[in-house]
Amino acid sequence: MPRLALLAAVTTLACAPAVRTAPSPATGTHTLVAIFAHPDDETIVSPALAYYARNGARVYVVVATDGRKGVSAHAHIPAGDSLAKVRAEEARCSARQLGAQPPVLLGFEDAGLAVLSPWPGEPLDRLATRITATLSELHPDVVLTWGAEGGYGHQDHRLVGDVVTQIFQSGAAPAGARLFYVGFPPERTATAPRWYGMKVYPTASAYLTTHIAYEQTDRDAARRALGCHRSQATEAEMNESFSALEHLWAGEVPFQQWRGGPTASKFF
Ligand SMILES: [Zn+2]
């Protein structure tokens, strides 16, 4: 997520809940693809990515935009090509820490997905073409993305989730692939410290039917991956951000399956 001036407003931290013992997935030949808007958005599901990578799944992170507008004062990197280059390397660093494959960086302009000309949705059509081609190449069993609320509401988050959903809705996703949105129940969003200074919107618990528990080693990989995104936050700010995320996760990352799905404790 782009750096926000409100970052300093991250509030008092709650104690992180104990990490649960996760069931072993039957992976090995499965592929998990997480599609998000910005370099560092993968943080929202990072323990689940680390968990599946550690258990043998092929895990990919697809990043729609180049993050060139995510300026943070502490980093002294101006918006533009130089910041986009730094953020691409940070995305690669994060993927390594999570045990994922090298990230797929689509390079769309940060905060540039919503336009009215040459026609409404023009960049989104190009993005849909690129994501469809990527999915055809990777043959995922499971695709993860932002839900309708976009976490804390960022328009790039909402639009990327929308485009991925449109691909599934149109029948253009690979056969057998299942789509999930990350989301958090109201009791956690109501009590969580603000994340990057922002409120995370809730998803009704009844829709969050898949819960991916993770282990301490996955939690630690997730924290190291967050630490890769040094252009976005100071170490102290990262600690605050991660504490907010641990409150939201509460030892497991919840997901809503597109068009509903059975209660499950693993993707595969
Ligand atoms: Zn973002």
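Counting starts at 1 for both ligands and their atoms, following the listed order.
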For the metal site, I want the angle between atom OD1 of D41 and atom NE2 of H157 with the Zn ion (ligand 1) at the apex, to 10°.
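Vertex the Zn ion (ligand 1), arms to OD1 of D41 and NE2 of H157: 110°.
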
Using a strict threshold of under 4.0 Å (side-chain N to carboxylate O), is an ion pair present between [Y] and [X]?
X: R126; Y: E122; value: yes
X: R96; Y: E90; value: no
X: D66; Y: K85; value: no

Mind checking whether the Zn ion (ligand 1) has an N, O or S of H154 under 2.8 Å?
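H154 does not place any N, O or S atom closer than 2.8 Å to the Zn ion (ligand 1).
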
For R230, I'd like to know if atom CZ has over 12 heavy atoms of other residues, nucleotides or ligands within 6.0 Å.
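Atom CZ in R230 is not crowded, with 12 or fewer foreign heavy atoms closer than 6.0 Å.
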
To make sure I understand the geometry: which N, O or S atom in H38 is closest to the Zn ion (ligand 1)?
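Of the nitrogen, oxygen and sulfur atoms in H38, the Zn ion (ligand 1) lies nearest to ND1.
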
